[in-house]
Amino acid sequence: VQLQASGGGLVQAGDSLRLSCTASGRTFSNNVMGWFRQRPGKEREFVAAISWSGEYTYYADSVKGRFTISRDTGKNTMYLQMNSAKPEDTAVYYCAADGAARRTYQANNYRQRGLYDYWGPGTLVTVSS
């Protein structure tokens with residue numbers, strides 16, 4: 001089972017970028033999925049999550065209104081649309097998935113790394129000022 005994030009790169013402040021996370025080896029179409037990031041010198045932090053049904057989304061305050069998480073169940077792929085990028089968004093971005101299908105949690109739980117059983121290797125996003 002693999003999660004592979006892609007789409008990272010170098011952009012300027014204010015630009016947009018879309019990250020993709022493709023799963024192989026099994027389907028995560030009915031699983032909670034999320035994005036985390038690790039900025040230089042910082043711990044890995046929550047960015048966004050999407051419920052198993054896709055009906056609910058959750059965001060860190062720092063990205064709310066700028067980033068959008070979505071999924072295409074037919075392609076077994078999750079996305080993170082990053083708009084109005086800021087230099088402080090510079091980080092390695094990781095996608096993650098809950099191993100259990102059709103699970104619903106309290107809102108705060110989606111932000112916890114421990115909820116996610118599968119992790120991809122990350123993709124680097126650099127935002128220049």
Are [Y] and [X] connected into the same hydrophobic cluster when the rule is that any two of I, L, V, M, F, W, Y join if their side-chain heavy atoms are below 4.5 Å apart?
{"X": "Leu17", "Y": "Val63", "result": "yes"}
{"X": "Leu19", "Y": "Ile50", "result": "yes"}
{"X": "Met33", "Y": "Tyr58", "result": "no"}

Taking all atoms of both residues into account, what is the closest heavy-atom pair of [X] and [Y], and its distance?
{"X": "Asp98", "Y": "Leu115", "result": "OD1-O, 3.6 Å"}
{"X": "Arg103", "Y": "Val32", "result": "O-CG2, 3.7 Å"}
{"X": "Ser16", "Y": "Asn83", "result": "OG-OD1, 2.9 Å"}
{"X": "Ser84", "Y": "Asp89", "result": "O-OD2, 4.4 Å"}
{"X": "Val11", "Y": "Ala85", "result": "CG2-CB, 4.4 Å"}
{"X": "Trp35", "Y": "Met78", "result": "NE1-CE, 3.3 Å"}

Closer than 3.5 angstrom, by distance alone: can the side chain of [X] be matched with the main-chain N or O of [Y] as a donor-acceptor pair?
{"X": "Arg39", "Y": "Ala91", "value": "no"}
{"X": "Asn31", "Y": "Ala97", "value": "no"}
{"X": "Thr123", "Y": "Ser6", "value": "no"}
{"X": "Asn76", "Y": "Thr73", "value": "no"}
{"X": "Arg113", "Y": "Phe46", "value": "no"}
{"X": "Thr90", "Y": "Val127", "value": "yes"}

Q.
The test is salt bridge (charged side-chain N to carboxylate O under 4.0 Å, His left out); show your working for Arg111 and Glu45 and say whether it passes.
A. CA-CA 8 Å; Arg111 304 169 181 271; Glu45 62 180 1; over 6 Å; no
(Q) Does either side chain, that of Arg37 or that of Tyr93, offer a donor lying less than 3.5 Å from an acceptor on the other one? (A) yes
Q. Between Thr77 and Asp72, does any side-chain donor sit less than 3.5 Å from a side-chain acceptor?
A. no
Q: Kindly indicate, with the supporting measurements, whether the criterion side chain to side chain contact (heavy atoms under 4.5 Å, CB included) is fulfilled by Asp61 and Tyr59.
A: CA-CA 6 Å; Asp61 289 343; Tyr59 296 95; over 6 Å; no
Nearest 0.5 angstrom please: [X] [atom1] to [Y] [atom2], how far?
{"X": "Arg102", "Y": "Ser29", "atom1": "CZ", "atom2": "OG", "answer": "9.5 Å"}
{"X": "Ile69", "Y": "Met82", "atom1": "CD1", "atom2": "CE", "answer": "12.5 Å"}
{"X": "Gln4", "Y": "Cys95", "atom1": "CD", "atom2": "SG", "answer": "7.5 Å"}

Q) How are the rings of Tyr116 and Trp119 set to each other: parallel, tilted or perpendicular (split at 30° and 60°)? A) perpendicular
Q) For Phe36, is the NZ or CZ atom of Arg44 found under 6.0 angstrom from the centre of its six-membered ring and inside 45 degrees of the ring axis? A) no
**Q.** Ring-ring centroid check Tyr118 Phe28, cutoff 6.0 Å
**A.** yes
Q: Decide yes or no on side chain to side chain contact (heavy atoms under 4.5 Å, CB included) for Leu3 and Tyr94, but give the supporting numbers first.
A: CA-CA 9 Å; Leu3 294 174; Tyr94 299 89; over 6 Å; no
Q: Inspect the surroundings of CD in Gln112 and state if more than 12 heavy atoms from other residues, nucleotides or ligands are less than 6.0 Å away.
A: yes
Q. Step by step, would you call Tyr110 with Tyr105 a ring-ring contact (aromatic ring centres under 6.0 Å, His included)?
A. CA-CA 7 Å; Tyr110 291 87; Tyr105 304 95; 5.8 Å; yes
